[in-house]
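In what follows, a single structure is set out as C-alpha cells and then discussed.
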2 protein chains.
Amino acid sequence: MKQSKARKSITLLDVARAAGVSRTTVSNAFNRPDQLSPEVQQKVLAVAKELGYAGPNPMARMLRTGQTGAIGLIFSEALPYAFNDPVSIAFLQGVSKVCERVKASLLIVPALDSDVAQQTIQQAAVDGFILYCIPDESEAVVRVLDRQLPVVAVDQPELKGIPFIGIDDRQAARTAALHLLSLNRRHLGIIAMDFHNDSYAGPVDPQRLKSAIFRNALHRWWGYADAIRDAGIDPTLVPIEESPNSNGVDGAFAAAIALLQRHPRPTGILAMSDILALGALRAAEHLGLKVPEDVAIVGFDGIPLAAQVRPALTTIQQPLVEKGAIAAEILLGIPNKKTTHILETKLVVRQSSSKGSREQGAGSRVGSGE
Amino acid sequence: MKQSKARKSITLLDVARAAGVSRTTVSNAFNRPDQLSPEVQQKVLAVAKELGYAGPNPMARMLRTGQTGAIGLIFSEALPYAFNDPVSIAFLQGVSKVCERVKASLLIVPALDSDVAQQTIQQAAVDGFILYCIPDESEAVVRVLDRQLPVVAVDQPELKGIPFIGIDDRQAARTAALHLLSLNRRHLGIIAMDFHNDSYAGPVDPQRLKSAIFRNALHRWWGYADAIRDAGIDPTLVPIEESPNSNGVDGAFAAAIALLQRHPRPTGILAMSDILALGALRAAEHLGLKVPEDVAIVGFDGIPLAAQVRPALTTIQQPLVEKGAIAAEILLGIPNKKTTHILETKLVVRQSSSKGSREQGAGSRVGSGE
DNA sequence: CTGTTAGCGCGTTCAA
DNA sequence: TTGAACGCGCTAACAG
C-alpha cells in the first residue's frame, strides 16, 4: 500500500506539500525565480533536492507549453551511412553549433522507409524539422508536412512556402567540367552518386537519368552536360557510372575501374562527390595511371580530406558547415535570415587536375589542418 | 470568435465528433488497428485526414505513456568538435544503427557547461541517457542521475550500479609501448589527449597528471608507464606533450614538433589517439625524418583513416562502432546483454612502426575500404 | 467492438 | 507574493 505510493514519481505537488507551500510556488521556484522571495526559493529547492525531485517533468511541461527545446533532423540515408559521409557530418557540425549556442537539443529521426518514417516522425517531440536531401515524393516529406511545424529543407526538396538552403548544383558542376575541358581533356567519364533510392551500382542509361529522384545528382549531371555540349561533344556519349553513397570509397573505386578500362580510356574524370573522387584516385593508382598526367580528376563538395590526400584533389568547394548553421538558424527563428539561400561555390584547383608538376599544382588549402 | 476556435489545433476529440464516434475509437484507429473494424478505421482515418489531423499529439502521448521513443546522448565536448572526431563518429554510428533497427530516435543533448547541462538535460524527453566519456564530477552526470532514468556510461564515468562499456585502456596502452620498446626504441615521447577540461596544450607535469579528470588519458599513460618502467626506464623522464582533441591534427602536429626537437630526439612516439598520431606523422615529414626508420609512431583507436595514410599507422584497434551499438542495446533493453562490457583491443602493426621496408610492414587492413 | 471515466504533471490565469 | 481552479491531449481501464 505505502509502497505503491512511494513507487510513483515525485511531482510538483509532493514537493509543495513537503515544503508547506502551494504548487504554483514550487513551479515558480524552478521557472520564475523573480516571482518569489529568495528565501522561499531556497527552501523549496532544498526540499525538492531532499525528495529527489529534479525539476518539472519535461513531458508535462512540453504538453503544457507546446515547446520542446529540440529540433528534428531527417536524413535520406540509413543513419550509419550518413554518419560515414563527410558531407553529412559537416552539415551536422553546422547544425550542432547553432543548437549548442541556443541550448537546443537535436533529435536525429530515423526515417529510412515509409513504415519507420510514419512512426518516428509522428512521435518526434520537436519544435521543427530539418529535411536533409530528401527525395520529393518521399513518405518522410508527407509526414513532416502533416506535423504542421516549421520546416527547413536543405538541398532537397524544394517546396513552396518552406525555406530552402542549397547551392546551384548545375552551375557548379558546369564549372568543374569546363575546367577539365579547358585542360584539353576531351574523353571524359562521370562517376555519379545516387540517382535513385535503390542502391544500384553500375552504368547509367538515359531512362534512369530521366526518372531520377535525387536532384543533386541530376542537376550536377545537367551541369556537366551543359559544358560538354558547349565543347562540341555529345553528352549522351559520355559514360556514367553510378556508385551509391553507401558504398563509400570502395564502390567508387569499382566504378572508376570500370570507367578507366573503357576504350578510349577517359583522360578526365568528373566525380559528383569527393568521396567518389577518392575512389577514382585509388583506381588510377591501382591501374598504374598517373594523376593528372594520364587522367585528371575533379571532385565535388570540398571535404577536408580532399586537400590532404596526395595528389590533392581538385574540387568544387561548397560551404558545408554553413549550410547546417543557416538551416538551424532559420528553424530556431534567429533573425536577419532570409528564407532561401543559394550559397556560393568555387572551383579549387589542386594537384589532381593541375597542368604542371605535382608540387606546383597544390591548392592553397593543402597542408592546412583537419 | 470563430477564429479562435479554428486557430487551435485539432485533437482526437474533434476527429471523434466529426466522425461520429468516441475518442477512444479514434485513438484505437491510430494505435491499435486490431481493436476495431477495418471499415470504421478507414472512415476515421479519412475524416482525420480531411481535418488535417496527423495523429496523436506526441507530447500528450508521452505524458500519458511515460515513453518517448528516444534516447539521449551526451558528449563531453562541444558538439562541433565531437562531430569532427572519427572516434566519436564511429561511436555514433554504432548507436544509430541500433536506434534505426528499433525505430528509436536519438537526441543529442548539448551539455557543454553546467548551465547548459542543467537546462538541456532536465528538459530532454528521453527514455534514457548514454554518457559518452564524461568526467566523473561533471555537472552533466549529476543532472542525468537526477532524472532517474536508465543510464549507460561509455568510457567514463564508471559509477556503481550503472552499466559500463569500455576497454582496458591501461593494458592496451602497455601493449603499444611494449611494441615500440621491443623494436629497441628507447627514447620515447608521448603525445597525450586531454587530461583536463581546460584545452591546455603543451608539456605535462606530474601535478597535472595526478589531478587528471579524463580517465582514458590517465589510464593510457599508466599503461605506457608500466611498460616503460618494466624496460628499466624511468617513466617520469619520458616527455609528454598534451594536445586537446579539439585542436585536431594541427594541434598534434605542434605537439609532435615540440617532442621531435628535443635532445636526444625520440626514436619512438606514443600517441594516445590516431588523430594525434597523424599529426606526428605530418610533423616527422615536416622535419625530414623518416618513419619508421628515424622515428616509429604508434597510435590508438584504430580509426579507418589510420589504415589509409602512408605510411600506414600502427595502432591499438578498439571496437569503436560496437561500443555504440552495445550501449544502445543495453539502454533499449535488448536482452542477452551483460551490463558491463570491457571490450577487446588488439595491436595492429603497420608501416609506421615496422622493422623492414615500408611495403612489407603493411597491415592487413591497408587498402581496404572506407 | 464501442463509449465513459479518470487521471498523466504541469503552467497559467485570477482573485485573495 | 500566494493559492485554487482549469485544461493541455492523450491512453488505459472498465463497462456496455
Side-chain angles (χ1 to χ4, degrees), chain A residues 4-5 7-44 47-48 51-69 119 122-125 127 147-149, chain B residues 4-5 7-45 47-48 51-69 122-125 127 147-149:
Chain A
S4 78
K5 177 139 188 206
R7 189 97 208 108
K8 61 184 318 191
S9 65
I10 297 155
T11 77
L12 267 190
L13 185 56
D14 298 322
V15 177
R17 282 206 270 253
V21 297
S22 83
R23 238 178 31 201
T24 310
T25 304
V26 180
S27 175
N28 283 336
F30 281 96
N31 302 321
R32 311 176 153 188
D34 53 318
Q35 297 291 307
L36 73 176
S37 66
E39 43 204 11
V40 174
Q41 192 200 6
Q42 286 310 316
K43 165 143 197 220
V44 170
V47 171
L51 292 180
Y53 179 77
N57 174 314
M59 287 98 131
R61 157 187 257 144
M62 278 162 44
L63 175 59
R64 189 57 238 235
T65 63
Q67 298 271 310
T68 67
Q119 187 171 331
Q122 267 181 17
Q123 302 224 22
D127 296 330
R147 284 292 302 271
Q148 317 233 45
L149 292 173
Chain B
S4 76
K5 179 142 190 205
R7 192 93 210 109
K8 61 185 319 191
S9 66
I10 297 157
T11 77
L12 264 192
L13 186 56
D14 298 322
V15 177
R17 282 206 271 251
V21 297
S22 83
R23 237 177 27 200
T24 309
T25 304
V26 180
S27 175
N28 282 337
F30 281 95
N31 302 322
R32 308 178 154 189
D34 53 317
Q35 297 291 305
L36 73 176
S37 68
E39 43 205 12
V40 174
Q41 192 199 6
Q42 287 308 316
K43 162 142 199 219
V44 169
L45 259 30
V47 172
L51 292 180
Y53 179 77
N57 175 315
M59 288 101 132
R61 157 187 254 140
M62 279 161 46
L63 175 59
R64 188 57 239 235
T65 63
Q67 298 270 311
T68 67
Q122 266 181 18
Q123 302 224 20
D127 297 331
R147 284 292 302 272
Q148 318 233 46
L149 292 171

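Below, read A as the first sequence line, B as the second, and so on, with proteins coming before strands; counting in each chain starts at 1. Both backbone and side-chain heavy atoms feed into the values below; hydrogens, waters and symmetry mates do not.
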What integer distance in Å separates [X]:[atom1] from [N]:[atom2]?
X         : N       : atom1 : atom2 : value
Gln122(B) : dG9(C)  : CD    : P     : 17 Å
Asp34(B)  : dT2(C)  : CG    : P     : 12 Å
Gln148(B) : dG9(C)  : CD    : P     : 13 Å
Asp14(A)  : dC8(C)  : CG    : P     : 10 Å
Arg32(A)  : dG11(C) : CZ    : P     : 9 Å

So what is the end-to-end bend of the helix from dC1(C)-dG16(D) to dA16(C)-dT1(D), with 5 pairs used at each end and the value given to 10 degrees?
30°

With a 4.0 Å cut-off on heavy atoms, is Tyr53(A) in touch with a base, just the backbone sugar-phosphate, or nothing at all?
sugar-phosphate

Any donor-acceptor N/O pair, Asp127(B) side chain to Gln67(B) backbone, under 3.5 Å
no

Check: residues 18-29 of chain B side-chain donor-acceptor pairs under 3.5 Å, at least two apart:
unit_1	atom_1	unit_2	atom_2	d
Ser22(B)	OG	Thr24(B)	N	3.3
Ser22(B)	OG	Thr25(B)	N	3.4
Ser22(B)	OG	Thr25(B)	OG1	3.2

Between the protein and nucleotides 2-5 of chain D, list every N/O to N/O distance that falls short of 3.5 Å.
unit_1	atom_1	unit_2	atom_2	d
dG3(D)	OP2	Ser22(A)	N	2.5
dG3(D)	OP2	Ser22(A)	OG	3.1
dG3(D)	OP2	Thr25(A)	OG1	3.4
dA4(D)	N6	Thr24(A)	OG1	3.0

Residues that [X] engages under side-chain contact (heavy atoms from CB on, under 4.5 Å), provided they are two or more places apart:
X         : value
Arg147(B) : Pro58(A), Ile121(B), Ala124(B), Phe129(B), Leu149(B)
Gln148(B) : none
Ala54(B)  : Asp146(A)

Any protein N or O atoms within reach of nucleotides 14-16 of chain D? Criterion: under 3.5 Å, listing atom names and distances.
none

Contact list for DNA chain C against residues 54-68 of chain B - heavy-atom distance below 4.0 Å:
Leu63(B), Arg64(B)

Once side chain to side chain donor-acceptor pair (under 3.5 Å) is applied, what residue pairs with a partner in residues 52-64 of chain B remain, sequence neighbours excluded?
Asn31(B)-Arg61(B)

